[in-house]
Protein chains: 2
Amino acid sequence: MDARKRGKGATTLTDVAELAGVSLATASKAINGVSQVRAETRQKVLDAAAALSFTPNPFAKALNSATTGTIGMLTQDLDNRFVLPVLLGAEDAFGAGSTSVLLADARSDSIRENHQLNMLLAKRVDGLLVVGRTTNPRPSITAGLSIPVVYVYAPSEDPEDLSFTPDNHDAGRQAVEHLLSRGRRRIAFINGDPSYTAARDRVAGAAERMREEGLSLVGGTGLFGPWGERWGRRCTESLVESGERFDALLCGSDQLARGALDQLRESALSVPDDVAVMGFDNWDVLAEEARPPLTSVEMNLQQLGRSAAQQLVRAIGGTSARGVRLGSVRVVPRESTGSWTL
Amino acid sequence: MDARKRGKGATTLTDVAELAGVSLATASKAINGVSQVRAETRQKVLDAAAALSFTPNPFAKALNSATTGTIGMLTQDLDNRFVLPVLLGAEDAFGAGSTSVLLADARSDSIRENHQLNMLLAKRVDGLLVVGRTTNPRPSITAGLSIPVVYVYAPSEDPEDLSFTPDNHDAGRQAVEHLLSRGRRRIAFINGDPSYTAARDRVAGAAERMREEGLSLVGGTGLFGPWGERWGRRCTESLVESGERFDALLCGSDQLARGALDQLRESALSVPDDVAVMGFDNWDVLAEEARPPLTSVEMNLQQLGRSAAQQLVRAIGGTSARGVRLGSVRVVPRESTGSWTL
DNA sequence: TTGTATGCGTTATCAG
DNA sequence: CTGATAACGCATACAA
């Protein structure tokens with residue numbers, strides 16, 4: 001690849017035109033495929049461009065084209081395992097086209113977020129992808145901006161904005177559906193921090209599905225606690241000691257589920273024979289190495305990021321949209337909910 | 001923030017000059033603090049700029065300044081928990097200045113990497129940060145490039161390049177040092193995949209430190225296996241069954257350590273009373289929720305990313321450097337290696 | 001100290 | 001179909 005050598009004198013369109021023996025204007029048209037150019041001359045230009053490994057200067061281009069071929073990704077907290085897949089999906093979607101991604105992280109600081117926003121704006125990005133840290137709705141930044149903004153993971157509080165967030169409610173429903181299909185009917189829901197909408201939505205969906213079967217969650221819908229294995233263990237222990245019968249533990253996250261699995265083993269309860277266990281997020285490192293491997297709900301965050309990015313591209317193109325789009329999710333069955341087909 | 005409104009007619013330097021009642025050139029000089037401008041007029045210009053919330057168009061600027069204020073971050077595999085902290089540190093270092101980060105991911109595909117590289121080059125980035133997926137040396141891409149390149153995490157194979165990678169050898173040494181300080185002398189090293197230099201370096205450092213005390217690793221230096229809890233359990237089980245005495249298990253990763261902890265509990269061995277356990281990477285989610293909380297070696301990846309970014313900025317400024325810089329690491333003590341001060 | 005004029009690399013608008 | 005030429009927004013030698 002000689003194209004790499006762009007030292008002092010990067011080859012310009014003028015060079016190409018000269019080598020091709022045409023005018024600058026013609027060279028431009030030939031390369032951009034716009035306007036009518038004789039096939040023969042176009043080929044001459046293209047050959048010359050290839051020979052010189054010409055790459056158009058994006059700055060010169062951006063100077064009078066209103067669009068810059070760059071979008072900004074404003075993350076609230078990069079140090080978060082949920083934003084990574086989103087980022088990946090977005091990068092993927094953009095990478096396919098010609099737009100590239102300018103990254104800026106706010107470190108969970110709203111002052112800093114504003115700073116980063118202004119920097120992105122100063123760089124003249126064509127659009128903005130705002131990636132939240134949780135699925136809790138977040139303040140809109142769209143007001144006064146002249147470029148399109150799409151919110152991912154954390155939806156905007158303003159319904160006029162366009163947001164993409166995973167369907168936690170349906171995740172709860174599907175999880176219960178899965179457990180029911182395995183013949184479980186006495187299901188408890190060990191949940192995380194109730195200040196997270198994800199926690200509330202998941203249990204709401206689960207409870208709804210149970211109700212449709214004339215059932216209700218063992219222990220109720222209020223088993224909230226800190227996300228993390230510790231609470232998974234403690235809560236499981238309480239359930240066992242309470243003497244209440246249950247044949248499945250649905251846990252608000254894979255971490256909680258790992259704690260539950262641990263505690264069940266200590267209580268000499270067999271998984272999945274005595275109790276089925278499942279989690280949410282399908283965090284491979286935890287789920288696949290669990291004993292037994294853990295059934296979990298895949299939130300499809302990468303797909304979410306990709307969709308958001310594609311929609312942003314469309315919005316930049318002029319097709320705007322609004323509202324909250326719910327990303328689909330699916331159960332990934334593993335051994336922890338095996339057997340018992342009823 | 002009115003600065004956000006850059007619609008069709010973003011305010012230009014000409015507007016500022018006009019409002020300030022000076023010429024375009026003077027306005028430029030006043031704002032860039034270059035050349036001699038009367039303090040009074042400068043203030044007039046600055047005021048005008050503020051009033052119009054003027055933001056210089058980076059494209060116009062880049063057109064004739066040889067530098068673009070943008071660096072490219074080329075990651076081999078974004079979907080990797082080790083690159084995230086590196087990315088964070090780099091973003092941090094750049095965010096402090098005025099340069100911003102263009103992200104491109106290669107999806108572990110060398111063809112795609114080349115593609116992304118060319119895209120970054122086409123965008124005229126001032127420098128390149130190449131972030132690897134492992135600490136294994138990787139092919140250099142510096143040849144023929146006219147911009148500085150810094151390698152992070154995975155060092156370049158070419159010693160003429162500048163690379164930043166964590167000091168895994170010292171990590172091994174420090175781990176043993178820590179265990180020795182807790183009075184342990186019969187230490188086994190359960191390791192990960194030997195195709196990773198990280199695995200080999202860590203055990204080499206550990207063995208070296210043991211040798212200095214006239215000791216050697218229980219079970220030798222060859223207890224390699226797949227990274228992951230499963231191997232941690234299996235290997236621990238073998239060690240227990242072998243009847244060999246040991247009072248500490250040093251594990252090549254936190255995942256391995258988690259497996260070891262699990263297995264020890266099943267074998268009715270107490271941690272840390274009977275056996276101390278520690279890991280590497282200090283992955284909070286695993287280490288803090290372990291039973292008991294796991295001592296681990298923090299690899300300081302964020303700092304590594306920050307250093308690399310700073311060095312890249314310097315290189316862009318003209319101060320080049322070469323060689324492999326080893327990032328410092330440190331032990332984070334938790335309960336799993338408590339008590340036993342000897 | 002300030003202003004004028006020119007160039008950076010492209011695209012777009014006209015004439016030829 | 002092709003070629004001058006004027007923008008785009010800013011920096012900068014050079015002139016005043």
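In what follows, chains are A, B, ... by sequence order, proteins preceding strands, each numbered from 1.
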Side-chain heavy atoms of Leu128(A) within contact of Ile141(A), under 4.5 Å: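 Answer yes - side chains close enough.
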Where protein sits on nucleotides 10-16 of chain C, one letter per nucleotide: B base, S sugar-phosphate only, - none, heavy atoms under 4.0 Å: BBBB---
[N] [atom2] sits how many Å from [X] [atom1], rounded?
X	N	atom1	atom2	result
Glu40(A)	dT2(D)	CD	P	9 Å
Glu18(A)	dG3(D)	CD	P	13 Å
Leu63(A)	dA7(D)	CG	P	14 Å
Arg42(B)	dT1(C)	CZ	P	10 Å

Below 4.0 Å: OP1/OP2 of dT2(D) and any side-chain N or O of Ser23(A):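 No, because none of the side-chain N or O atoms of Ser23(A) sits under 4.0 Å from OP1 or OP2 of dT2(D).
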side-chain N/O Thr26(B) vs dT1(C) OP1/OP2, d < 4.0 Å: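 Indeed not, no polar side-chain atom of Thr26(B) lies that close.
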Does [atom1] in [X] sit with more than 12 non-hydrogen atoms of other residues, nucleotides or ligands closer than 6.0 Å?
X	atom1	value
Gln310(A)	CD	yes
Glu160(A)	CD	yes
Arg81(A)	CZ	yes

Ser163(B) and Ser156(B) side chains, donor-acceptor separation under 3.5 Å: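 No pair is found: no donor N or O on one side chain lies under 3.5 Å from an acceptor on the other.
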Side-chain H-bond candidate by donor/acceptor type, Ser307(B) with Gln303(B), under 3.5 Å: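 Yes, side-chain donor-acceptor contact under 3.5 Å.
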Nucleotide nearest Gln36(B) (side chain, heavy atoms from C-beta), chosen from dG3(D), dC1(D), dT1(C):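 Of all the options, the side chain of Gln36(B) is nearest to dT1(C).
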